[in-house]
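Order of the sequence lines sets the chain letters (A, B, ...), proteins ahead of strands, with each chain counted from 1.
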Protein chains: 2
Amino acid sequence: MQQLRQLPKPERQRLIASVVTRRRVGSQHELQGALRSAGCEVTQATISRDIRELGLEKTRDVLGRPRYVLPDRGSRSDPRESLRAVLAQFGLRAVQAQNIVVVQSELGSAPAIARALDRIEHAKVIGTLAGDDTCLVITSGPTEAKSVAAELGAAMH
Amino acid sequence: MQQLRQLPKPERQRLIASVVTRRRVGSQHELQGALRSAGCEVTQATISRDIRELGLEKTRDVLGRPRYVLPDRGSRSDPRESLRAVLAQFGLRAVQAQNIVVVQSELGSAPAIARALDRIEHAKVIGTLAGDDTCLVITSGPTEAKSVAAELGAAMH
DNA sequence: ATACGGCGAGAATAACTATTCAGGTTTCAA
DNA sequence: TTGAAACCTGAATAGTTATTCTCGCCGTAT
């Protein structure tokens with residue numbers, strides 16, 4: 001397939017974000033048109049992938065017409081809040097054993113939990129290791145592990 | 001078409017809202033299943049309409065899976081905020097003439113503006129009348145009209 | 001240089017959602 | 001009661017979005 005002189009992906013995605021905040025875009029086809037008139041020719045498939053990567057949401061405007069919007073920059077940018085969110089949604093239990101905490105979660109969600117934990121740069125956490133439904137949290141010692149387990153468990157409700 | 005013993009619509013919609021807040025629902029088909037197992041058999045078409053009427057939004061959860069959610073009950077419930085939102089999005093200009101204010105807006109948005117104005121029960125506003133792209137705001141006198149025009153105009157830009 | 005591996009993209013298609021159409025119900029006024 | 005109108009719904013279908021499959025374009029290692 002010919003690649004041939006295209007706007008690089010990051011730049012295209014910035015363009016999408018910009019277009020979408022400037023005016024209402026109600027479908028990927030419409031967005032495709034907007035990009036084209038900005039000199040960027042891509043297919044709907046690519047736009048679909050960009051939209052997912054940008055985390056755009058499709059809501060409706062005041063008149064009930066569909067519209068893509070950037071996600072709220074309110075909570076998602078706070079790593080503590082996003083950890084709380086994953087745990088609340090997928091966490092099952094957190095038990096301590098020696099210097100590690102075993103976090104059980106819904107199938108597939110462990111990597112997300114590990115990522116959220118990493119981003120938080122918790123002082124007591126040395127590192128994480130995620131499987132599919134289990135996330136290992138390594139701390140320096142049993143005391144720290146106990147405290148972290150309690151902290152995580154509390155967020156699970 | 002046989003109507004025959006169905007859950008009334010408002011009740012079905014409450015059920016949908018409840019299901020959707022309780023667990024992740026990623027498609028209308030999935031929701032249809034959930035409703036069925038709650039003893040409510042409807043088609044996808046009906047669910048699509050309910051979702052629109054409930055104002056549900058389709059976002060993604062922490063793992064990137066699609067999920068329907070109820071809209072934020074933050075701003076949409078405050079009529080002042082929703083007026084500000086319509087004006088910001090669709091308002092073009094507001095000019096005063098005698099005791100009325102003529103609000104020009106994007107095609108189709110005038111009724112939304114009028115509705116928002118009505119809900120606000122502004123002391124200086126006696127009534128509104130909306131066409132497609134024009135909304136007339138009636139006040140008791142020129143002074144009030146002038147003040148209202150300024151207020152509305154400020155919310156636009 | 002050649003081979004391998006990953007990434008990004010388009011084409012085709014599957015999956016999903018909205019709308020149109022037609023028929024049944026209910027409400028209300030005459 | 002009897003139309004008439006508004007409403008609600010399912011079936012079919014149109015429209016929209018996500019995914020699969022395949023391939024080209026680099027890096028990097030052999």
Side-chain angles (χ1 to χ4, degrees), chain A residues 1-17 19-20 23-71 108 111, chain B residues 1-17 19-20 23-71 108 111:
Chain A
M1 207 140 289
Q2 279 288 61
Q3 283 303 84
L4 201 53
R5 295 301 121 233
Q6 279 202 181
L7 213 51
K9 177 156 93 148
E11 191 168 338
R12 183 186 61 232
Q13 294 189 342
R14 273 196 300 279
L15 179 58
I16 290 178
V19 165
V20 141
R23 62 179 186 282
R24 186 188 67 94
V25 178
S27 75
Q28 301 186 357
H29 184 77
E30 195 178 331
L31 181 51
Q32 185 177 26
L35 292 183
R36 181 167 40 245
S37 59
C40 171
E41 301 236 353
V42 286
T43 59
Q44 173 267 324
T46 296
I47 291 178
S48 170
R49 291 184 274 250
D50 284 343
I51 283 181
R52 164 179 286 255
E53 285 168 27
L54 286 169
L56 292 193
E57 294 176 1
K58 194 178 188 178
T59 70
R60 14 195 104 262
D61 70 12
V62 204
L63 302 182
R65 301 177 303 188
R67 166 168 200 170
Y68 282 105
V69 298
L70 289 168
Chain B
M1 205 144 287
Q2 279 291 63
Q3 284 303 83
L4 202 54
R5 296 302 119 233
Q6 279 201 181
L7 212 50
K9 178 159 93 149
E11 192 169 336
R12 183 186 61 233
Q13 294 189 343
R14 273 196 301 280
L15 180 58
I16 290 177
V19 165
V20 142
R23 63 178 185 280
R24 186 187 67 94
V25 177
S27 75
Q28 300 185 357
H29 184 77
E30 196 178 331
L31 181 51
Q32 185 178 26
L35 293 183
R36 182 166 39 246
S37 59
C40 171
E41 302 237 352
V42 285
T43 59
Q44 174 266 323
T46 296
I47 291 178
S48 170
R49 292 184 273 249
D50 283 343
I51 283 181
R52 164 180 286 255
E53 286 169 26
L54 286 169
L56 292 192
E57 294 176 2
K58 194 177 189 178
T59 71
R60 10 194 107 262
D61 69 13
V62 204
L63 302 181
R65 300 176 304 188
R67 165 167 202 172
Y68 283 105
V69 297
L70 289 168

Nucleotide nearest B:K9 (side chain, heavy atoms from C-beta), chosen from D:dT9, D:dA18, C:dT17: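 Nearest nucleotide to the side chain: D:dT9.
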Closest contact, heavy atoms only, A:A34 versus A:R23: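 So the two residues come closest at CB-NH2, 3.4 Å.
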How many Å lie between [atom1] on [X] and [atom2] on [N], as a whole number?
| X | N | atom1 | atom2 | result |
| --- | --- | --- | --- | --- |
| B:R12 | D:dC8 | CZ | C1' | 8 Å |
| A:E57 | C:dT17 | CD | P | 15 Å |
| B:R60 | C:dC16 | CZ | P | 13 Å |
| A:Q32 | D:dG15 | CD | C1' | 15 Å |
| B:Q28 | C:dA18 | CD | C1' | 8 Å |
| A:H29 | C:dG10 | NE2 | P | 15 Å |
| A:E30 | D:dG15 | CD | P | 15 Å |
| B:L56 | C:dC16 | CG | P | 18 Å |

Phosphate OP1/OP2 of C:dT17 contacted by B:Y68 side-chain N/O (<4.0 Å):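 Yes.
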A:Q44 side chain to A:Q32 side chain, donor-acceptor N/O pair below 3.5 angstrom: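 Note: A:Q44 and A:Q32 side chains miss the donor-acceptor criterion.
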Contacting residues from residues 43-52 of chain A, given that a heavy atom lies under 4.0 angstrom of DNA chain D: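 Correct list: A:Q44, A:A45, A:S48, A:R49, A:R52.
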Note, B:Y68 side chain near B:R24 side chain (heavy atom, < 4.5 Å):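 Counting from C-beta outward, B:Y68 and B:R24 never come under 4.5 Å.
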Close side-chain approach of A:I16 to A:L35, heavy-atom, < 4.5 Å: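 A side-chain contact under 4.5 Å exists here.
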Partner residues of B:E11 under the side chain to side chain donor-acceptor pair (under 3.5 Å) criterion, sequence neighbours left out: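 Side chain to side chain donor-acceptor pair (under 3.5 Å) list for B:E11, sorted by chain: empty.
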Under the side chain to side chain donor-acceptor pair (under 3.5 Å) test, residues paired with B:Q13 that sit two or more places apart: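 Listed in chain order: B:D50, B:E53.
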